[in-house]
**Student:** 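Can you read through this structure? Questions will come right after.
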Amino acid sequence: MNLTLEALHILDTIDRKGSFAAAAVALDRVPSALTYTVRKLEDDLDVLLFDRRGHRAKLTAAGLELLNEGRHLLRAADELEQRVKRTASGWEVELRIVLDALIPFEKILPLIDECDLQGSGTQLRLSTEVLSGTWETLVSGNADLAIGLAYDGPELARTSGGFRSKPLGEVDWVFAVAPNHPMAGMDEPLSAAIVRQHRAIAIGDSGRMLPRITSGLLTGQSTLTVPSVRDKLAAQLAGLGCGYLPRHWAQPYLDSGALIEKKTEERKPDGALQYAWRADARGKCLKWFVTKLADPDVQRMLLNEP
(Lines give C-alpha, C1' and ligand atoms only; values in the text may rest on other atoms or scores of the structure.)
Protein backbone atom coordinates (compact mmCIF):
# COMPACT_ATOMS: atom_id res chain seq x y z
CA MET A 1 0.00 0.00 0.00
CA ASN A 2 1.28 3.48 -0.85
CA LEU A 3 0.76 6.20 1.73
CA THR A 4 -2.67 7.66 0.98
CA LEU A 5 -4.82 10.50 2.31
CA GLU A 6 -7.34 7.88 3.43
CA ALA A 7 -4.69 6.11 5.52
CA LEU A 8 -3.61 9.43 7.06
CA HIS A 9 -7.23 10.27 7.82
CA ILE A 10 -7.63 6.92 9.61
CA LEU A 11 -4.46 7.49 11.66
CA ASP A 12 -5.64 10.99 12.57
CA THR A 13 -9.07 9.73 13.69
CA ILE A 14 -7.62 6.87 15.77
CA ASP A 15 -5.27 9.31 17.51
CA ARG A 16 -8.03 11.85 18.21
CA LYS A 17 -10.60 9.26 19.37
CA GLY A 18 -8.13 7.21 21.40
CA SER A 19 -8.98 3.74 20.09
CA PHE A 20 -9.60 1.75 16.92
CA ALA A 21 -13.18 1.04 18.05
CA ALA A 22 -14.05 4.70 18.66
CA ALA A 23 -12.45 5.71 15.37
CA ALA A 24 -14.46 3.01 13.54
CA VAL A 25 -17.69 4.50 14.93
CA ALA A 26 -16.63 8.03 13.89
CA LEU A 27 -15.74 6.87 10.38
CA ASP A 28 -18.72 4.51 10.06
CA ARG A 29 -16.37 1.61 9.37
CA VAL A 30 -15.87 -1.78 11.01
CA PRO A 31 -12.86 -1.92 13.36
CA SER A 32 -11.28 -4.75 11.36
CA ALA A 33 -11.07 -2.50 8.27
CA LEU A 34 -9.11 0.10 10.24
CA THR A 35 -6.86 -2.57 11.73
CA TYR A 36 -6.14 -3.96 8.27
CA THR A 37 -5.28 -0.49 6.87
CA VAL A 38 -2.90 0.31 9.72
CA ARG A 39 -1.17 -3.08 9.65
CA LYS A 40 -0.76 -2.91 5.86
CA LEU A 41 0.75 0.57 6.20
CA GLU A 42 3.11 -0.63 8.93
CA ASP A 43 4.21 -3.54 6.72
CA ASP A 44 4.78 -1.28 3.72
CA LEU A 45 6.77 1.24 5.76
CA ASP A 46 8.43 -1.43 7.89
CA VAL A 47 7.74 0.55 11.06
CA LEU A 48 5.42 0.19 14.04
CA LEU A 49 2.96 3.09 14.12
CA PHE A 50 0.93 2.25 17.25
CA ASP A 51 1.88 0.84 20.62
CA ARG A 52 -1.10 -1.45 21.15
CA ARG A 53 -0.41 -2.20 24.80
CA GLY A 54 -3.13 -0.87 27.10
CA HIS A 55 -6.62 0.31 26.33
CA ARG A 56 -5.65 3.47 24.42
CA ALA A 57 -4.05 3.34 20.98
CA LYS A 58 -0.83 5.29 21.45
CA LEU A 59 1.35 6.42 18.56
CA THR A 60 4.99 5.42 18.53
CA ALA A 61 7.63 8.04 17.82
CA ALA A 62 7.56 7.01 14.14
CA GLY A 63 3.76 7.13 14.07
CA LEU A 64 3.73 10.57 15.68
CA GLU A 65 6.20 11.90 13.11
CA LEU A 66 4.14 10.46 10.26
CA LEU A 67 0.91 11.91 11.61
CA ASN A 68 2.34 15.35 12.41
CA GLU A 69 3.57 15.72 8.83
CA GLY A 70 0.53 13.94 7.44
CA ARG A 71 -1.83 16.45 9.03
CA HIS A 72 -0.23 19.16 6.89
CA LEU A 73 -1.15 17.09 3.85
CA LEU A 74 -4.69 16.56 5.10
CA ARG A 75 -5.18 20.31 5.62
CA ALA A 76 -3.69 21.06 2.22
CA ALA A 77 -5.98 18.51 0.58
CA ASP A 78 -9.02 19.98 2.34
CA GLU A 79 -8.06 23.51 1.27
CA LEU A 80 -7.57 22.31 -2.30
CA GLU A 81 -10.98 20.67 -2.26
CA GLN A 82 -12.59 23.87 -1.00
CA ARG A 83 -10.79 25.96 -3.65
CA VAL A 84 -11.96 23.62 -6.40
CA LYS A 85 -15.55 23.83 -5.13
CA ARG A 86 -15.36 27.63 -4.95
CA THR A 87 -13.96 27.83 -8.46
CA ALA A 88 -16.69 25.53 -9.78
CA SER A 89 -19.32 27.74 -8.15
CA GLY A 90 -17.88 30.88 -9.78
CA TRP A 91 -16.24 32.38 -6.68
CA GLU A 92 -12.54 33.15 -6.96
CA VAL A 93 -9.96 31.56 -4.71
CA GLU A 94 -8.43 35.02 -4.26
CA LEU A 95 -9.34 38.57 -5.27
CA ARG A 96 -6.51 41.13 -5.36
CA ILE A 97 -7.53 44.75 -4.76
CA VAL A 98 -5.20 47.74 -4.98
CA LEU A 99 -6.25 51.01 -3.33
CA ASP A 100 -4.84 54.35 -4.30
CA ALA A 101 -3.44 56.19 -1.28
CA LEU A 102 -6.27 58.74 -1.53
CA ILE A 103 -8.70 56.07 -0.30
CA PRO A 104 -8.21 55.53 3.46
CA PHE A 105 -7.93 51.81 4.15
CA GLU A 106 -10.46 51.98 6.98
CA LYS A 107 -13.09 53.12 4.46
CA ILE A 108 -12.95 49.75 2.68
CA LEU A 109 -13.50 47.75 5.89
CA PRO A 110 -17.35 47.88 5.79
CA LEU A 111 -17.24 46.47 2.24
CA ILE A 112 -14.96 43.64 3.36
CA ASP A 113 -17.33 42.89 6.24
CA GLU A 114 -20.33 42.83 3.89
CA CYS A 115 -18.44 40.67 1.39
CA ASP A 116 -17.73 38.12 4.14
CA LEU A 117 -21.48 37.73 4.63
CA GLN A 118 -21.72 36.30 1.10
CA GLY A 119 -20.02 33.15 2.40
CA SER A 120 -17.90 32.89 -0.73
CA GLY A 121 -14.68 31.84 0.95
CA THR A 122 -12.76 34.07 -1.46
CA GLN A 123 -9.57 35.35 0.10
CA LEU A 124 -9.01 39.10 -0.28
CA ARG A 125 -5.53 40.52 -0.78
CA LEU A 126 -5.27 44.31 -0.51
CA SER A 127 -2.39 46.66 -1.26
CA THR A 128 -1.90 50.43 -1.50
CA GLU A 129 -0.12 52.35 -4.25
CA VAL A 130 0.15 55.98 -5.40
CA LEU A 131 -0.76 57.54 -8.78
CA SER A 132 0.83 55.56 -11.64
CA GLY A 133 1.71 52.78 -9.19
CA THR A 134 -1.99 52.01 -8.78
CA TRP A 135 -2.50 51.61 -12.53
CA GLU A 136 0.76 49.69 -12.85
CA THR A 137 -0.35 47.11 -10.29
CA LEU A 138 -3.56 46.51 -12.26
CA VAL A 139 -1.97 46.51 -15.73
CA SER A 140 0.86 44.19 -14.68
CA GLY A 141 -1.61 41.55 -13.54
CA ASN A 142 -0.84 41.94 -9.84
CA ALA A 143 -4.37 43.15 -9.06
CA ASP A 144 -7.84 42.35 -10.36
CA LEU A 145 -9.49 45.56 -9.16
CA ALA A 146 -8.13 49.06 -8.56
CA ILE A 147 -10.00 51.68 -6.50
CA GLY A 148 -9.25 55.42 -6.49
CA LEU A 149 -7.37 55.79 -9.78
CA ALA A 150 -6.51 59.45 -10.30
CA TYR A 151 -6.09 59.57 -14.08
CA ASP A 152 -7.19 57.72 -17.21
CA GLY A 153 -4.32 55.26 -17.20
CA PRO A 154 -1.54 54.28 -19.59
CA GLU A 155 -2.16 53.70 -23.29
CA LEU A 156 -2.25 49.93 -22.76
CA ALA A 157 -5.18 50.27 -20.38
CA ARG A 158 -7.03 52.71 -22.65
CA THR A 159 -6.63 50.87 -25.97
CA SER A 160 -6.20 47.15 -25.28
CA GLY A 161 -9.79 46.46 -24.31
CA GLY A 162 -8.46 44.43 -21.40
CA PHE A 163 -9.74 46.79 -18.72
CA ARG A 164 -13.00 48.40 -17.69
CA SER A 165 -13.34 51.58 -15.64
CA LYS A 166 -16.09 53.74 -14.13
CA PRO A 167 -16.10 57.04 -12.23
CA LEU A 168 -15.90 56.85 -8.45
CA GLY A 169 -16.41 60.51 -7.58
CA GLU A 170 -14.63 63.80 -6.99
CA VAL A 171 -12.08 64.70 -4.35
CA ASP A 172 -12.45 68.21 -2.92
CA TRP A 173 -8.92 69.56 -2.57
CA VAL A 174 -7.91 72.29 -0.12
CA PHE A 175 -4.61 74.21 -0.12
CA ALA A 176 -3.49 74.35 3.51
CA VAL A 177 -0.57 75.46 5.67
CA ALA A 178 0.20 75.41 9.37
CA PRO A 179 -0.42 78.64 11.36
CA ASN A 180 3.34 79.17 11.72
CA HIS A 181 3.98 78.85 8.00
CA PRO A 182 5.11 82.08 6.24
CA MET A 183 2.11 81.96 3.87
CA ALA A 184 -0.44 81.66 6.69
CA GLY A 185 -0.82 85.45 7.05
CA MET A 186 -0.37 86.43 3.41
CA ASP A 187 -3.13 88.05 1.38
CA GLU A 188 -5.25 85.83 -0.84
CA PRO A 189 -5.38 84.52 -3.45
CA LEU A 190 -1.76 83.40 -3.31
CA SER A 191 -0.02 83.83 -6.65
CA ALA A 192 1.92 81.01 -8.29
CA ALA A 193 5.10 83.06 -7.83
CA ILE A 194 4.54 83.22 -4.07
CA VAL A 195 3.67 79.54 -3.73
CA ARG A 196 6.69 78.53 -5.81
CA GLN A 197 8.99 80.15 -3.23
CA HIS A 198 7.89 77.69 -0.54
CA ARG A 199 8.49 73.98 -0.25
CA ALA A 200 5.63 71.67 -1.19
CA ILE A 201 4.84 68.40 0.52
CA ALA A 202 4.24 65.72 -2.14
CA ILE A 203 3.26 62.07 -2.03
CA GLY A 204 5.75 60.01 -4.01
CA ASP A 205 4.43 58.22 -7.09
CA SER A 206 4.97 54.51 -6.42
CA GLY A 207 5.15 53.48 -10.09
CA ARG A 208 8.26 51.62 -11.20
CA MET A 209 7.70 51.09 -14.91
CA LEU A 210 5.15 53.70 -16.00
CA PRO A 211 6.04 57.40 -16.29
CA ARG A 212 5.75 59.04 -12.90
CA ILE A 213 3.09 61.65 -12.25
CA THR A 214 3.04 64.77 -10.11
CA SER A 215 -0.07 66.64 -9.05
CA GLY A 216 -0.50 70.13 -7.65
CA LEU A 217 3.20 71.05 -7.92
CA LEU A 218 4.67 74.09 -9.67
CA THR A 219 7.68 73.94 -11.97
CA GLY A 220 10.86 74.65 -10.03
CA GLN A 221 9.18 74.30 -6.63
CA SER A 222 11.18 72.66 -3.86
CA THR A 223 9.53 69.47 -2.58
CA LEU A 224 9.60 67.13 0.37
CA THR A 225 8.38 63.77 -0.87
CA VAL A 226 6.61 61.46 1.59
CA PRO A 227 5.06 57.97 1.19
CA SER A 228 1.39 58.52 2.10
CA VAL A 229 -1.42 61.04 2.59
CA ARG A 230 -1.13 60.65 6.36
CA ASP A 231 2.58 61.50 6.15
CA LYS A 232 1.82 64.50 3.94
CA LEU A 233 -0.77 65.69 6.44
CA ALA A 234 1.70 65.27 9.32
CA ALA A 235 4.40 67.22 7.49
CA GLN A 236 2.05 70.10 6.73
CA LEU A 237 0.78 70.14 10.32
CA ALA A 238 4.42 70.42 11.39
CA GLY A 239 4.86 73.48 9.17
CA LEU A 240 7.41 71.77 6.95
CA GLY A 241 5.70 72.78 3.72
CA CYS A 242 2.50 73.55 1.88
CA GLY A 243 0.22 71.75 -0.53
CA TYR A 244 -3.20 70.45 -1.45
CA LEU A 245 -4.90 67.92 0.80
CA PRO A 246 -8.19 66.06 0.37
CA ARG A 247 -10.65 68.17 2.34
CA HIS A 248 -11.99 65.18 4.27
CA TRP A 249 -8.47 64.46 5.54
CA ALA A 250 -7.78 68.09 6.43
CA GLN A 251 -11.18 69.26 7.77
CA PRO A 252 -10.71 68.30 11.46
CA TYR A 253 -7.46 70.29 11.52
CA LEU A 254 -9.02 73.23 9.67
CA ASP A 255 -11.79 73.24 12.27
CA SER A 256 -9.30 73.18 15.17
CA GLY A 257 -7.01 75.81 13.66
CA ALA A 258 -4.08 73.39 13.28
CA LEU A 259 -4.25 74.08 9.53
CA ILE A 260 -5.28 77.20 7.65
CA GLU A 261 -6.98 77.07 4.26
CA LYS A 262 -5.56 79.47 1.68
CA LYS A 263 -7.00 80.46 -1.69
CA THR A 264 -4.62 80.25 -4.64
CA GLU A 265 -4.63 81.65 -8.16
CA GLU A 266 -3.58 78.27 -9.57
CA ARG A 267 -6.33 75.77 -10.32
CA LYS A 268 -6.66 72.93 -7.83
CA PRO A 269 -5.64 69.42 -8.98
CA ASP A 270 -8.22 67.41 -10.89
CA GLY A 271 -10.27 65.57 -8.27
CA ALA A 272 -11.91 62.95 -10.50
CA LEU A 273 -11.28 59.39 -9.31
CA GLN A 274 -12.34 56.10 -10.84
CA TYR A 275 -12.21 52.37 -10.29
CA ALA A 276 -11.08 49.82 -12.86
CA TRP A 277 -10.84 46.07 -13.20
CA ARG A 278 -9.45 43.43 -15.48
CA ALA A 279 -12.02 42.55 -18.12
CA ASP A 280 -10.94 38.89 -18.14
CA ALA A 281 -11.52 38.51 -14.38
CA ARG A 282 -15.10 37.23 -14.26
CA GLY A 283 -15.42 35.78 -10.78
CA LYS A 284 -18.44 36.43 -8.60
CA CYS A 285 -16.45 38.26 -5.93
CA LEU A 286 -15.11 40.79 -8.44
CA LYS A 287 -18.61 41.28 -9.84
CA TRP A 288 -19.90 41.83 -6.30
CA PHE A 289 -17.32 44.56 -5.62
CA VAL A 290 -17.89 46.24 -9.00
CA THR A 291 -21.64 46.34 -8.31
CA LYS A 292 -21.09 47.80 -4.82
CA LEU A 293 -18.69 50.46 -6.12
CA ALA A 294 -21.41 51.73 -8.47
CA ASP A 295 -23.61 52.51 -5.44
CA PRO A 296 -23.57 56.29 -4.75
CA ASP A 297 -23.71 55.65 -1.00
CA VAL A 298 -20.60 53.47 -1.20
CA GLN A 299 -18.83 56.08 -3.31
CA ARG A 300 -19.62 58.80 -0.77
CA MET A 301 -18.39 56.53 2.03
CA LEU A 302 -15.05 55.86 0.30
CA LEU A 303 -14.54 59.56 -0.43
CA ASN A 304 -15.83 60.54 3.03
CA GLU A 305 -18.48 62.83 1.60
CA PRO A 306 -21.52 63.82 3.69
**Student:** Residues two or more places apart in sequence or in another chain: which of them pass salt bridge (charged side-chain N to carboxylate O under 4.0 Å, His left out) with Asp255?
**Tutor:** none
**Student:** So Asn304 and Trp249, do their side chains get closer than 4.5 Å, heavy atoms only?
**Tutor:** no
**Student:** To the nearest 0.5 Å, what is the distance between CE on Met301 and CG on Asp295?
**Tutor:** 9.0 Å
**Student:** Got Glu129 and Glu136 here, is their nearest side-chain heavy-atom distance under 4.5 Å?
**Tutor:** no
**Student:** Verify, without hydrogens or angle tests, whether Asp205 (side chain) and Ser132 (backbone) share a donor-acceptor contact under 3.5 angstrom.
**Tutor:** yes
**Student:** What residue among Thr4, Leu73, Leu27 forms side-chain contact (heavy atoms from CB on, under 4.5 Å) with His9?
**Tutor:** Leu27
**Student:** I need the minimum non-hydrogen distance between Ala192 and Leu218, along with the two atoms involved.
**Tutor:** O-CD1, 3.4 Å
**Student:** Going by heavy atoms in the side chains, are Leu302 and Leu293 under 4.5 Å from each other?
**Tutor:** yes
**Student:** Answer yes if Val139 and Val98 sit in the same cluster of Ile, Leu, Val, Met, Phe, Trp and Tyr residues linked by side chain heavy atoms under 4.5 Å apart, and no otherwise.
**Tutor:** no
**Student:** For residues 6-17, which residue pairs qualify under salt bridge (charged side-chain N to carboxylate O under 4.0 Å, His left out), counting only residues two or more places apart or in two chains?
**Tutor:** Glu6-Arg29, Asp12-Arg16, Asp12-Arg71, Asp15-Arg71
**Student:** When hydrophobic residues are tied together by side-chain contacts of less than 4.5 Å, even through go-betweens, does Leu99 share a cluster with Val290?
**Tutor:** yes
**Student:** For Arg196 versus Gln221, what's the shortest heavy-atom pair and its separation?
**Tutor:** O-CG, 3.9 Å
**Student:** Mind checking whether Ile194 and Met183 have side chains closer than 4.5 Å, heavy atoms only?
**Tutor:** yes
**Student:** Working to the nearest 0.5 Å, report the span between NZ of Lys262 and SG of Cys242.
**Tutor:** 11.5 Å
**Student:** Between Ile103 and Gly148, what is the shortest heavy-atom contact and its length?
**Tutor:** CG1-CA, 3.9 Å
**Student:** Do Glu261 and Phe175 have side chains that approach each other closer than 4.5 Å (heavy atoms only, starting at C-beta)?
**Tutor:** no
**Student:** Test side-chain contact (heavy atoms from CB on, under 4.5 Å) on Lys292 and Leu111 and set out the steps.
**Tutor:** CA-CA 8 Å; Lys292 296 299 293 187; Leu111 279 182; 4.0 Å; yes
**Student:** Check whether Gln123 reaches the backbone of Glu94 with its side chain - one donor and one acceptor, N or O, closer than 3.5 Å.
**Tutor:** no
**Student:** Give the C-alpha distance, both sets of side-chain angles, the deciding distance and a yes or no for side-chain contact (heavy atoms from CB on, under 4.5 Å) between Thr264 and Ser191.
**Tutor:** CA-CA 6 Å; Thr264 62; Ser191 68; over 6 Å; no
**Student:** Which atoms form the tightest heavy-atom contact between Leu66 and Leu11, and what is the distance?
**Tutor:** CD2-CD1, 3.7 Å
**Student:** Go through it in stages, so that I can follow the logic: the residues are Arg230 and Glu106, the test is salt bridge (charged side-chain N to carboxylate O under 4.0 Å, His left out), and I'd like the CA-CA distance, side-chain angles, deciding distance and then a yes or no.
**Tutor:** CA-CA 13 Å; Arg230 282 188 173 84; Glu106 58 268 22; 2.7 Å; yes
**Student:** Test Leu102 against Val229 for side-chain contact (heavy atoms from CB on, under 4.5 Å), laying out the working first.
**Tutor:** CA-CA 7 Å; Leu102 289 175; Val229 179; 4.1 Å; yes
**Student:** Could you see if Leu126 belongs to whatever hydrophobic cluster contains Val298? Use Ile, Leu, Val, Met, Phe, Trp, Tyr and a side-chain cutoff under 4.5 Å.
**Tutor:** yes
**Student:** Quick check for you: to the nearest 0.5 Å, what is the distance between Glu69 atom CD and Leu64 atom CG?
**Tutor:** 10.0 Å
**Student:** CD1/Ile10 to CG/Leu5 distance, rounded to the nearest 0.5 angstrom?
**Tutor:** 11.5 Å
**Student:** Any side-chain heavy atom of Ile112 sitting closer than 4.5 Å to one from Ile108?
**Tutor:** yes
**Student:** Specify the closest pair of heavy atoms between Ile260 and Ala184, including all atoms of both residues, with the distance to one decimal.
**Tutor:** CD1-CB, 4.0 Å
**Student:** Check this for me, if you would: do Asp144 and Arg96 make a salt bridge, where the nitrogen-to-carboxylate-oxygen distance has to be below 4.0 angstrom?
**Tutor:** yes
**Student:** Is it true that Lys284 and Glu92 make a salt bridge, defined as a side-chain N closer than 4.0 Å to a carboxylate O?
**Tutor:** no
**Student:** Using the rule side-chain contact (heavy atoms from CB on, under 4.5 Å), only one of Ile201, Val226, Leu245 pairs with Leu233; which is it?
**Tutor:** Leu245
**Student:** Could you walk me through whether Ile147 and Leu168 pass the side-chain contact (heavy atoms from CB on, under 4.5 Å) test, one step at a time?
**Tutor:** CA-CA 8 Å; Ile147 303 174; Leu168 182 65; 4.1 Å; yes
**Student:** Could you check whether Asp43 pairs with Arg39 (Lys NZ or Arg NE/NH1/NH2 to Asp/Glu carboxylate O, under 4.0 Å)?
**Tutor:** no
**Student:** So, taking the atom named CG in Leu138 and the one named OG in Ser165, what distance separates them when rounded to the nearest 0.5 Å?
**Tutor:** 10.0 Å
**Student:** Honestly curious: do Val177 and Leu259 fall in one hydrophobic cluster under the side-chain, below-4.5 Å linking rule?
**Tutor:** no
**Student:** Should we count CG of Asn68 as having more than 12 external heavy atoms under 6.0 Å?
**Tutor:** yes
**Student:** Salt bridge or not for Arg300 and Asp297, using N-O below 4.0 Å?
**Tutor:** yes
**Student:** Do Tyr275 and Arg164 come close enough that some side-chain heavy atom pair is under 4.5 Å?
**Tutor:** no
**Student:** Evaluate the side-chain proximity of Thr128 to Phe105: yes if any heavy-atom separation is below 4.5 Å, no if none is.
**Tutor:** no
**Student:** Are the side chain of Ser206 and the backbone of Val130 linked by a donor-acceptor contact shorter than 3.5 Å?
**Tutor:** yes
**Student:** What is the minimum heavy-atom distance between Pro252 and His248, and which atoms define it?
**Tutor:** CD-O, 4.1 Å
**Student:** Is Val195 reachable from Val174 through a run of hydrophobic residues whose side-chain heavy atoms are each under 4.5 Å from the next?
**Tutor:** no
**Student:** Calculate, to the nearest 0.5 Å, the distance between atoms CG and NZ belonging to Leu240 and Lys232 respectively.
**Tutor:** 11.5 Å
**Student:** Would the distance check show the side chain of Thr60 and the main-chain N or O of Leu48 forming a donor-acceptor pair, the cut-off being under 3.5 Å?
**Tutor:** yes
**Student:** Aromatic ring centroids of Phe50 and Phe20 under 6.0 Å?
**Tutor:** yes
**Student:** Tell me if a side-chain donor or acceptor on Lys58 pairs with a main-chain N or O of Gly18 at a distance below 3.5 Å.
**Tutor:** no
